[in-house]
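Have a look at the structure below, then the notes.
Convention: sequence-line order gives letters A, B, ...; per-chain numbering from 1. None of these values were measured; they are calculated from a predicted model.
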Amino acid sequence: MARPPQQPKTFANPMASDRYNARDAEARWQKIWDQRGIFATRNDDPRPKYYVLEMFPYPSGRIHMGHVRNYTMGDVVARVKRAMGLNVLHPMGWDAFGMPAENAAMERKVHPKAWTYDNIAAMKKQLKSMGLSLDWSREIATCDPAYYKHQQKMFLDFLRAGLVERKKSKVNWDPVDQTVLANEQVIDDRGWRSGALVEQRELTQWFFAITKFAAPLLEALDQLERWPEKVRLMQKNWIGRSEGLLVRFALDPATAPKGEAELEVFTTRPDTLFGAKFMAVAPDHPLAAAAASNNPALREFIEQCRRRGTSQAEIETAEKLGFDTGIRAVHPFDPSWRLPVYVANFIVMEYGTGAIFGCPAHDQRDLDFVNKYGLGNVPVVSPPGVDPKTFVITDTAYEGDGTMINSRFLDGMTSAQAKEEVARRLEKERFHNRPVAERQVNYRLRDWGISRQRYWGCPIPIIHCETCGAVPVPEKDLPVTLPEDVTFDRPGNPLDHHPTWKHVACPQCGKPARRETDTMDTFVDSSWYFERFTDPWIANAPTDRPMVDAWMPVDQYIGGIEHAILHLLYSRFFTRAMKATGHVGLDEPFAGLFTQGMVVHETYRLPNGDWAAPAEVKVEADGETRRARLIATGEAVEIGPIEKMSKSKRNTVDPDDIIEAYGADVARWFMLSDSPPDRDVNWTEKGVQGAWRFVQRLWRLVGEAAELAQGAPAERPAAFSAQALALRKAAHRALARVSDDIEKLHFNVCVAHIYEFANALNTIIGDLGAQNGTQNGTGSAADEGPQTGSVATPDLRWALREAVNILVRLFHPMMPHLAEECWALLGHDTLVAQASWPEVEAELLVEETLTLPNNNNVKNTDDDK
RNA sequence: GCGGGCGUGGCGGAAUUGGUAGACGCGCGGGACUUAGAAUCCCGUGACGAAAGUCGUGGGGGUUCGAGUCCCUCCGCCCGCACCA
């Protein structure tokens with residue numbers, strides 16, 4: 001395992017006692033912070049608030065380096081804001097429901113609850129060893145009935161407010177295990193345990209009506225100024241607002257199944273209507289079902305489409321397949337024009353009407369489809385600058401705007417004019433007493449299906465009664481708690497198998513009824529925990545209105561980019577729904593968002609193809625190249641590409657090992673130093689060692705500076721020597737830059753400024769040591785004796801003391817334990833964790849002006865060209 | 001497939017608004033101290049070149065007095081895609 005370079009124990013090295021002992025110091029300071037309760041935030045504190053939050057972890061059992069990175073960043077912000085005099089809320093909790101607990105139950109015969117709480121205990125210990133300035137008194141676990149009770153209450157509130165619906169949706173069904181599979185449990189169309197081909201099944205499920213907020217969720221993105229532009233863009237595209245036309249195509253009665261007279265499609269390209277070559281409907285479209293009723297081959301095709309996972313990526317990357325139903329649709333502008341109606345595997349029921357008209361010349365997917373089935377294409381939009389007479393489409397569709405061609409009365413119009421003209425004409429036409437077309441705003445966003453056929457989640461507080469239907473559990477009966485006596489010896493939902501739990505009396509009529517056995521998506525749990533943190537103690541309501549309104553929004557939220565869409569969008573919706581039901585007073589929960597990059601590490605592979613973990617490998621430099629061997633056997637190991645730390649590639653580094661060997665401050669410092677926080681950081685042994693050396697160097701530097709500053713005047717000297725002034729400038733420049741870059745969360749740049757400042761301080765101390773050396777001949781500034789520091793004039797001593805006091809406070813947010821140790825060494829009897837942020841003296845930031853060539857002259861002197 | 005992002009020395013990266021590219025760290029080379037150094041300190045380190053200088057921010061093109069930064073295009077890598085969290 002990784003160890004820092006050690007002093008040989010056999011030597012009585014005089015420096016050994018000067019070495020900073022992280023293990024001793026970190027435990028000691030953590031205990032002191034804990035005993036004094038300095039990170040517990042009071043809700044009645046009158047100072048201005050600042051709420052910093054990192055995405056809470058799933059209690060998998062051990063923290064990983066991604067957590068270390070995330071929580072270190074948040075802790076830096078929390079400590080800096082605290083030093084700036086704000087009342088900082090920095091809480092922590094556990095996203096404790098979820099599938100892994102049930103998998104553990106099945107594989108290891110442990111109860112999900114026991115497994116989860118054991119994991120929480122282990123991870124809490126690990127987080128504490130990081131020295132995070134967290135308010136643990138507000139700790140939340142979402143699997144605690146004291147938490148999910150309020151979630152159930154809000155579910156019922158949302159239901160009353162019309163924000164909960166019940167409708168059908170598709171799930172992945174494992175026909176062998178007889179269980180619903182998550183998308184990640186479907187591998188190459190097969191169930192991960194059974195290996196059976198999955199099927200799509202329809203279930204009636206509970207939905208949150210997030211689409212009711214599609215417009216406000218989209219519009220408010222513009223106001224989220226402290227969100228990364230890329231996240232706003234991704235959410236914008238996810239919500240996917242599009243303006244278009246709903247068009248009703250009549251079906252040729254001679255070909256239509258009984259009772260089917262029309263086909264509704266939504267299109268954003270009504271201008272291309274004269275380029276239509278076919279119609280296509282989703283495999284689960286009602287027309288497909290109707291057509292299949294007397295067509296076994298079509299039925300088989302639909303079955304085949306269902307034998308695959310439900311994920312979007314899978315649907316869209318699969319080979320495009322279609323089946324001609326024999327039905328013919330009538331072109332809305334030409335009664336004699338018939339279009340074949342296909343069932344196609346790339347059309348999804350969830351978007352628009354689940355049906356399209358295909359214009360192959362101007363849509364790539366449609367073009368691929370016609371090229372496969374030989375339906376041909378007619379270009380109807382001519383790109384600017386292209387001769388319409390020679391314009392043909394073969395393999396690449398033209399999806400841009402242009403001039404209309406081959407389109408009868410639309411010819412010569414722009415695409416925009418043609419869209420308008422088609423809408424205008426079809427709006428007036430009527431078919432079966434309704435307009436043939438209606439202008440429509442459509443969203444790609446779908447309602448949020450929250451039903452999960454699983455045990456380890458928040459029970460949905462509903463009772464199904466044959467006479468009364470779906471009846472809400474009365475509030476006095478909340479929480480509906482999970483039964484603990486469940487078994488995992490067979491697949492499926494243990495709540496369903498439980499002998500008694502689901503059998504209850506209907507709250508309305510009293511007749512025997514059945515509890516809802518579905519539990520909620522864990523995204524529900526994580527959609528309001530930040531609001532609960534503002535007062536996690538209140539027992540009779542999800543939130544305490546004055547408190548939640550005072551603390552929210554979260555000023556700085558920090559987490560992985562992988563949550564850019566779902567978690568953040570759901571939380572934005574949930575906050576709006578809570579506002580609508582009176583639980584909060586705001587719309588947007590996160591005023592500032594920061595998405596951090598991943599932690600990556602190089603991979604190691606044995607000749608037999610097995611992966612080796614970094615802790616099992618010794619890497620040596622061999623001239624220009626690096627070589628790796630297995631420590632245990634000496635076997636050569638191939639050094640592979642740098643990839644995201646993962647269990648499968650075994651390229652993980654355990655934070656415990658690093659903290660044990662180097663200390664938490666080193667782990668924190670390296671995490672922040674090497675890469676911009678929004679990019680991936682490559683964890684390397686060399687980098688960690690560099691951080692460790694810097695910790696030792698700072699410790700020596702502060703010690704030496706403290707010694708040289710001894711006897712510094714209490715009063716600020718009236719004048720400073722050039723050397724003292726240079727030091728003061730270095731200190732204040734570093735202070736100004738770190739303050740600035742911390743605000744922007746540019747931690748890696750802050751680290752560079754601190755290095756520069758430390759280098760400057762070191763140079764001055766070195767110079768003093770050299771002067772000292774000429775006097776006493778030892779050459780060591782650390783030498784004791786009355787002459788030490790004698791060369792430092794009072795003004796320089798004052799400047800040294802100022803500089804080192806600034807330095808310690810500058811690195812405190814990143815390395816809090818070392819900072820406390822240094823702070824104490826400097827003679828403070830306070831905690832640096834409670835010290836205020838230093839004040840910049842602006843006049844010290846003024847650079848000596850250099851006369852630079854006036855760039856404006858360039859403009860006037862370019863006559864020599 | 002769709003949506004989003006990233007690309008700068010040997011490596012991680014820095015560079016308000018378009019204005020001296022390479023701060024800071026790692027690595028490497030040299031030196032000092034040392035019985036020793038994987039500790040510490042000092043010097044050097046984009047490429048080519050003896051030098052003057054020339055080239056240089058993924059490739060190609062463009063805008064501009066001036067481009068790492070703006071525009072177009074291509075290539076490569078990464079993330080998300082609604083039941084992983």
Side-chain angles (χ1 to χ4, degrees), chain A residues 4-8 13 15 19 55 57-58 60 95 97-100 169 171-172 180-186 205 210 228-231 233-238 240 309-318 320 346 350 364-365 368 444-454 521-523 525-526 560-567 569-570 595 597-598 600 621 623-624 626 641 643-644 670 673-676 678-682 684 686-687 689-691 693-694 696-697 700 740 746 748-749 751-756 759 762 766 769 779 852-853 855-862 865:
Chain A
Q6 293 289 332
Q7 292 283 349
N13 190 321
M15 290 297 283
R19 181 170 294 263
M55 292 179 183
Y58 178 78
S60 58
D95 190 11
F97 275 137
M99 236 174 24
S169 84
V171 294
N172 303 306
V180 176
L181 298 175
N183 281 339
E184 74 157 13
Q185 296 174 314
V186 178
Q205 310 209 60
I210 188 171
E229 187 57 41
K230 60 178 171 184
V231 175
L233 240 185
M234 280 191 258
Q235 291 214 352
K236 184 179 172 218
N237 290 331
W238 185 264
T310 56
S311 92
Q312 201 65 18
E314 210 170 331
I315 291 166
E316 290 183 24
T317 48
K320 287 174 187 57
F346 61 96
E350 287 79 11
Q364 191 61 46
R365 287 182 306 178
D368 295 344
R444 206 186 71 100
L445 183 67
R446 311 203 295 252
D447 278 333
W448 173 13
I450 60 154
S451 292
R452 297 291 181 272
Q453 295 68 43
R454 285 195 256 284
D521 179 8
T522 57
F523 272 125
D525 312 338
S526 56
I561 184 72
E562 68 273 19
H563 295 294
I565 295 173
L566 293 180
H567 163 59
L569 192 60
Y570 289 152
T595 54
M598 296 181 305
V600 296
E624 296 285 287
R626 295 164 66 248
E643 296 187 51
K644 176 180 181 172
F670 176 62
S673 66
D674 225 40
S675 292
D678 52 348
R679 279 204 227 162
D680 293 351
V681 63
N682 185 22
T684 62
K686 284 273 187 263
Q689 284 167 4
R693 281 199 301 273
F694 189 59
Q696 295 302 333
R697 199 169 143 223
R700 274 198 312 275
D740 194 40
H746 292 176
N748 59 321
V749 189
V751 164
H753 297 322
I754 291 171
Y755 266 109
E756 267 187 300
N759 290 344
N762 192 52
L852 292 168
N855 292 318
N856 293 334
N857 287 346
V858 175
K859 233 172 213 155
N860 307 325
T861 56
D862 65 349
K865 59 184 176 248

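- rA21(B) and rU69(B) have their C1' atoms separated by 11 Å, given to the nearest Å.
- Using cut-offs of 30° and 60° for the angle between ring planes, the His563(A) and Phe523(A) rings count as perpendicular.
- Taking atom NZ of residue Lys686(A) and atom P of nucleotide rC28(B), one finds them 6 Å apart after rounding to whole Å.
- Arg693(A) places none of its side-chain heavy atoms less than 4.5 Å from the side chain of Gln696(A).
- In this structure, Gln364(A) places its CD atom 10 Å from P of rG1(B), rounding to the nearest Å.
- For rG25(B), one of the phosphate oxygens OP1 or OP2 lies less than 4.0 angstrom from a side-chain nitrogen or oxygen of Asn759(A).
- Between the C1' atoms of rC79(B) and rU73(B), the separation comes to 24 Å (whole Å).
- What separates CG of Asp674(A) from P of rC26(B) is a distance of 10 Å, to the nearest Å.
- If you check every strand for non-hydrogen atoms under 4.0 Å, Thr317(A) touches a base.
- Using a 4.0 Å heavy-atom criterion, one finds that Asn682(A) contacts no nucleic acid atom at all.
- Phosphate contact (OP1/OP2 of rC41(B), side-chain N/O of Arg697(A), threshold under 4.0 Å): present.
- Paired runs in RNA chain B that reach 3 or more consecutive Watson-Crick or G-U pairs, where each pair keeps both distances under 3.5 Å, cover B:1-7 with B:75-81, B:10-12 with B:24-26, B:27-32 with B:40-45, B:46-48 with B:53-55, B:58-62 with B:70-74.
- Between Asp368(A) atom CG and rC2(B) atom C1' the separation is 13 Å, expressed in whole Å.
- Side-chain contact of Thr310(A) with Asn183(A): a donor-acceptor pair under 3.5 Å is present, judged by distance alone.
- Following rounding to the nearest Å, Asp678(A) (CG) and rC6(B) (P) show an atom-to-atom distance of 9 Å.
- Using C1' as the reference atom, rA67(B) and rC71(B) are 11 Å apart when rounded to the nearest Å.
- Between Ile561(A) and Met234(A) there is a side-chain heavy-atom pair separated by less than 4.5 Å.
- In this structure rG9(B) sits in the syn conformation; its chi angle is within 90° of 0.
- Side-chain atoms of Gln235(A) come within 3.5 Å of backbone atoms of Ala564(A) as a donor-acceptor pair (strictly under, hydrogens ignored).
- Spacing of P atoms, rG37(B) relative to rA47(B), comes out at 28 Å, to the nearest Å.
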How does protein contact run along nucleotides 75-85 of chain B, one letter per nucleotide 5' to 3', with B for base contact, S for sugar-phosphate only, - for none, heavy atoms under 4.0 Å?
-----SBBBBB
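- Atom pair Arg365(A):CZ and rC2(B):P shows a separation of 8 Å (rounding to whole Å applied).
- The gap from the P atom of rC28(B) to that of rA39(B) amounts to 10 Å, rounded to the nearest Å.
- From Ser673(A), atom OG reaches atom OH of Tyr755(A) across 6.0 Å, with rounding to the nearest 0.5 Å.
- Using atom C1' as the reference point in both rU63(B) and rC72(B), the two lie 11 Å apart (nearest Å).
- Put simply, the side chain of Thr522(A) does not reach to within 4.5 Å of the side chain of Tyr58(A), judged on heavy atoms.
- Checking side-chain atoms of Asn172(A) against main-chain N and O of Leu181(A) turns up a donor-acceptor pair under 3.5 Å.
- Within the 4.5 Å cutoff, no side-chain heavy atoms of Val681(A) are placed close to those of Asn748(A).
- Regarding Gln689(A), its CD atom lies at a distance of 18 Å from the P atom of rG37(B), rounded to whole Å.
- Taking only side-chain nitrogens and oxygens, Arg679(A) comes nearer than 4.0 Å to OP1 or OP2 of rG13(B).
- Nucleotides rA23(B) and rU45(B), compared at atom P, are 10 Å apart to the nearest Å.
- Between Asn748(A) and rA14(B) there is a side-chain N or O to OP1 or OP2 distance below 4.0 Å.
- For the pair Glu229(A) CD and rC6(B) C1', the computed distance is 16 Å after rounding to whole Å.
- Side chain of Asp680(A) to main chain of Met598(A): a donor-acceptor pair is present (N/O by atom type, distance under 3.5 Å, no hydrogens or angles).
- Side chain of Arg452(A) to main chain of Asp521(A): no donor-acceptor pair is present (N/O by atom type, distance under 3.5 Å, no hydrogens or angles).
- Using atom P as the reference point in both rG25(B) and rC41(B), the two lie 11 Å apart (nearest Å).
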